[in-house]
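Notes follow the structure.
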Amino acid sequence: MTELPTATARDGAGAGTDEPRPGSRAVNVAWLLGGFCLTLVFTVQLFRYGDEWWHIALGRLILSQGIPAVEPFSFVATQHPWVEQQWLYEVALATLVRLGGDGLASLVLGLVGALALLVAALAVPRRAHVPRGWSAAAMVLCGLMAGMALGVRAETVSALGVAVTLLIVQRWRDGNRWVVWLLPPMYLLWANLHAGFIAGLGVLAFTLVIHRGSRSRTAPVPGGLSLAVICVGAAAAAVLLGLVAGAAILVLLWAVFRPVPLDPGVGRRPLLIASVAAAALTLVNPVGPGLYGYIAETVSNPIMSQLVSEWQSPNFHDMLTRLIEVVAALLVLLWLLGRRPRVPDILLATAAFLFTLQAVRNVSLFAVVAIPLLSEYGAAAWAARAPIGLRRRLGTRLPGAVALVAAVAVSAASIAVMAPQASAASAAQFEQTHEPETAADYVAANFPGQRLFSSDGDAGYLAYRFRTGRVVFVYDEIGIFGTGPLTDYLDIATISGPWKALLARYDLRHAILGSGSADVSALLELGWTVNCYEAPSGRVVMSAGGSPPTSPPPPPSDAPSC
Amino acid sequence: MGSGLITAAPDAPGGGGAPPPRPLMRRLHDALDGLSTPGGLLLVGALLITAIAVTSAITDPDFWWHLQTGQLLIANHLHLLGNDPYTYTIANHHWTMHEWLFEAGVAALYNIGGMGAIVPVLSLLTWVGVVFILLRARLHTGDRLSLGLGLIVAALAANPIWGPRDQMVDFTFSCLVLLLIERYLLRGGRALWFLPPLFLLWSNLHGGFVIGLVFAGLIVAAEAVGLRLGLPDRVPPRRIATLAGVTVISTLVSMINPNGPGILIYAAETLASPAQQALILEWQSPDFHQLEVRGFAVMLVSLLGFLIVNRRIRARDAVLVAATSVLALESVRNVALFVAASSPTWIEQLSRLLDRLRSDGALAALRRVGGRAGSPVGAGAGAPPPAGAGGNATAPAVRPTARPLPPFRLRVTALAVMTAALLGGWVGLRLVPAMTTTPTALSYAETYPVCASAWLRSAPGHLRIFNQYGEGGYLAWSLAGTGDKIFIFGDAALMGDSLLYTYSDVADVTPQWQTILLHYGTQMVLFDTGTALDHVLEASPNWVMVYSDPHNQAFVLRSELASLHLPPQPAPTGSCAQLATQGKATSS
């Protein structure tokens, strides 16, 4: 059996690499610059999330009228109070679009996403002296993986927040006791940008509970028995309550039975006080503690995983999703080949992996957690395993100037690839082919102020187009609608339950739908007619009032163009 | 090979130097002595629990058309059918009957004893696979705690897949192939030469035999690379070469089947079918929001955890774990392959972890429970591990048990009581109910068109019926002899991607749904109550409902209603009456 030697370096120190030599700073900067620019290719994206449209609409509304007190777009009576949980993000997004169009928003959010990956790459122990080539490689691999969850969306901001939290925690572990005071202002800002700050608080809570204070004692439980309790408890929670609960129980039980000692000179109290202050400051937002109620409602809503694909488990038939497996396997391999990993690193990566298996949207969290681990343990494994001759040959460093020139060249090439994504023309074309743009024009001209049925994804765009009049049905602000309206929406959208009665109850007489959807077929059988067809995006506008067909109706695409 | 490395034993006919035979009573006593330790009790209990887990009534929707096909094969003197006799949509498709022997066997069993004969045989087949897993794990560890826990975790992980169904042939044969290969690589001997006849049989039972060849090929490649890189757990090169040769011979032998060499690409075509992967539930990735799939996640993550702690794994085990993890994450049906290939590694890694803890003096309580057998089940506790087993060769010696065990008679009584209780539970709660479930039972009426097909049998035959994909098998079986034809059934490879997409267009009620139905000359739509298609048919003025029960509704074109001469829906009796009562209760 392959016995993998324990590296000589002690935990956290000397990842097996040489001490930095003069000139290596420039090379490291070059690696990071190149990695940063290369990841822009994955993070600069057009408005592929329909949600961003209603966020822009809200931002404009807030800029003109202040934060709305009730839900502003839908005609549905929501079951939960309106929680404006990302008002600052929405204002910023609307401002960016006003200043430079969709392209500027794509560029800025792309930069934020790439910055998240870069900051995560920096979150390695200082004394590990990780060569930044490993960091750049980890950034690119994880950037490619996380690209499916980044882009123009507030979650990108949260990815940056988690990365910065990881960096601050790492510097605190390195012995910097003052850096933790960046947390409170950061969380004040973050809580007003996106509810994803809860993930950052989770990282802080994890760090606090998993480490044993210098004065505290280990629980008087035999090691083997405690391991058995941890494993059985976590497994039972994972099976019965879900993978996220399993990860949480795993961490909690580990913290109770086998807390990890901190390095000498690192005190837990500064981080504890700063974290409490940060958590307290998250209450400074337009809805105060109600923000946490909103998060709980969103996360616990059982309809979420039916309605929104990114809350579902990963579909590993997708090649990019396969990268989740690659990154997880690579981590395990590096931990086998290199130095023995630290327990908190294993637990945090395991938790992030389980979160991702539960909901693919958490892949960006997995990415920012994995990047520093891949960098550090990759370097250590290389140092421990690679043949000396090969290491020497590859270890011959380029002069700093040459490295910088190479980095600039890579960066220029990346920007050349990425730039067209951020242009106004491509943004306009993307909107035309992905959103019901002309269908909305048709409705605005012919059915002003009348209620519209559409998919929840399209409803976000329609909220952007029809900011007043409350003509939109359910859109993807799941947390506020509640189970009742969401179930009604699903019944109509999937032609199940009392769908016909619901059409009448909500007085729905017009619809914008995908031309191939079941709703179109069903509504045609009820006598609805197709008013027009929008070829670029494949949408149709339909209205009630006709007579049921006596023969199979013609394809919706035969209708006049919108 | 340095000390502390796992080494393979030199070749020896019969698997190495065996101890001289002991008297029967002595062996029995030793066996009972080992099995009545706390670890032995756990292991016996785990084996019986897995028997409970793998036994159930038949729930596989494909079972029914396999049964009907087998009956046709028997009636046809085992001559293969060139085309399928069930559908009106793909009459010109060539049918690769890769399961002909399985189907004939199932039909023969049914003719002998109905479901009561099929359920125990298929359940036993699956359970034997679990025993093969145990035997493979025991080549590396005799720790009964690990073995018992491993079997329970494996049973939990494969929970969504267990049950009497054709894929269990692949599970059991995979387990057996891996056992034979592992045994040969560790001990040598001639058992490896069972592989060619095994593949001859397997390739006639199910097209999934290709996975066995892939496993063998992966092991050869991993060991060859390990040899090249000088990895410490090397296997003698001659054995690797022999395994490679036997794999090639097995590949050639597997072509001896009614479908010839084409059987080899059949599996690849299935795996490469985007329609099957997208539209068929068990080909999709595991949905970890569902309770039954989470056992697999627990097994996978815990295995990775053990690996990280132990930092030791053989190249071939690593490759098998990686390959089957990828397969299982891709398609939930492949979880069975993951369990078949990775469970012994899970068990060995847990055993290694427990050894580590025991050596640290940290697991005094578990030291008693685990007790090391180190020899086949039934041998006395404390016997040394088998020669060349290797897995724990480097493990620290375990200290004697802290406390003496209870008297032998008391322990054997406990073993007997536990075994009797679990056997009784297995027979009473699982086996007998599964065996006595008739094809028209309420549980089937809730899942399949049992009542609708009873009504259809009273109708004039030769109808062309659009049906739900998963119900095609039951209709093929239940409407045999009526001349009725269905739109689709569960042999997705035979149906082809084009028909699968076409079916999906109708089932999902895309705007061309009626055009498709008319294009194929469909006369009736028999679909699940409450689905989108059902609701649209209800709403459509062109279609009229002719049959309705809580599970299914049937519609025909209004213009053809008179010409079809359909009988009125009869008053429900038996399970259909129960179903109707349930439906009323639900709706009220």
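Model, not experiment: these values are computed from the prediction. Letters A, B, ... are given to chains in the order of the sequence lines, protein chains preceding strands, and every chain is numbered from 1.
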Where the side chain of Arg294(B) meets the backbone of Ala235(A), is there a donor-acceptor pair that is under 3.5 Å apart?
no

With only heavy atoms counted, which part of Trp311(A) is less than 4.5 Å from chain B, the side chain, the backbone, both or neither?
backbone

Quick one: are Pro274(B) and His317(A) in side-chain contact, heavy atoms under 4.5 Å?
no

Tell me, for Leu241(A) versus chain B, whether the close heavy atoms (under 4.5 Å) come from the side chain, the backbone, both or neither.
backbone

Could you tell me whether a side-chain N or O of Thr510(B) sits under 3.5 Å from a main-chain N or O of Ser517(A), the two making a donor and an acceptor?
no

Chain B contact via Pro554(A) - which portion, at a heavy-atom distance below 4.5 Å:
neither

Gln358(A) versus chain B, the contacting section by heavy-atom distance below 4.5 Å
both

With a 4.5 angstrom heavy-atom cut-off, which part of Leu517(B) approaches chain A: side chain, backbone, both or neither?
neither

Okay, side chain of Arg340(A), backbone of Arg311(B): is any donor-acceptor separation there less than 3.5 Å?
no

Just so I know, are the side chains of Val509(B) and Ile495(A) near enough to count as touching, which here means a heavy-atom distance under 4.5 Å?
no

Here the gap from Asn542(B) atom CG to Glu525(A) atom CD, rounded to the nearest 0.5 Å, amounts to 6.0 Å

CG-CG distance between Leu357(A) and Leu300(B), expressed to the nearest 0.5 angstrom
7.5 Å

Taking atom OG of Ser313(A) and atom NE2 of His289(B), what is their separation to the nearest 0.5 Å?
4.5 Å

In terms of heavy-atom proximity below 4.5 Å to chain A, should Glu330(B) be classed as side chain, backbone, both, or neither?
both

Contact class of Leu537(B) relative to chain A, heavy atoms under 4.5 angstrom
neither

In terms of heavy-atom proximity below 4.5 Å to chain B, should Thr321(A) be classed as side chain, backbone, both, or neither?
neither

Rounded distance [0.5 Å steps], CG in Asn315(A) versus CG in Leu329(B)
11.0 Å

Identify which part of Pro548(A) has an atom lying under 4.5 Å from any heavy atom of chain B, answering side chain, backbone, both or neither.
both

Are any side-chain N or O atoms of Ser285(B) and backbone N or O atoms of Phe316(A), one a donor and one an acceptor, separated by less than 3.5 Å?
yes

Could you measure the distance from the CG atom of Leu304(B) to the CZ atom of Phe353(A)? Nearest 0.5 Å is fine.
7.0 Å

Taking the side chain as every heavy atom from C-beta outward, state whether Pro556(A) and Pro511(B) have any pair of such atoms under 4.5 Å apart.
yes

The reported gap from NE2 in His535(B) to CG in Asp491(A) (rounded to nearest 0.5 angstrom) is 8.0 Å

Given Ala322(B), Ser559(B), Ser540(B), the one with more heavy-atom pairs under 4.5 angstrom with chain A than any other is Ser540(B)

Between Val239(A) and chain B, with a heavy-atom cut-off of 4.5 Å, which part of the residue counts as in contact: side chain, backbone, both or neither?
both

Which bit of Val326(B) is near chain A, if near means a heavy-atom gap under 4.5 Å: side chain, backbone, both or neither?
both

Below 4.5 Å from any heavy atom of chain A, which atoms of Ser302(B) appear? Answer side chain, backbone, both or neither.
neither

Non-hydrogen side-chain atoms of Pro341(A) and Ile308(B) separated by less than 4.5 Å:
yes

Is chain A contacted by the side chain of Thr531(B), its backbone, both, or neither, given a heavy-atom distance below 4.5 Å?
backbone

Heavy-atom cut-off 4.5 Å, strictly under: side chain, backbone, both or neither for Ser496(A) against chain B?
both

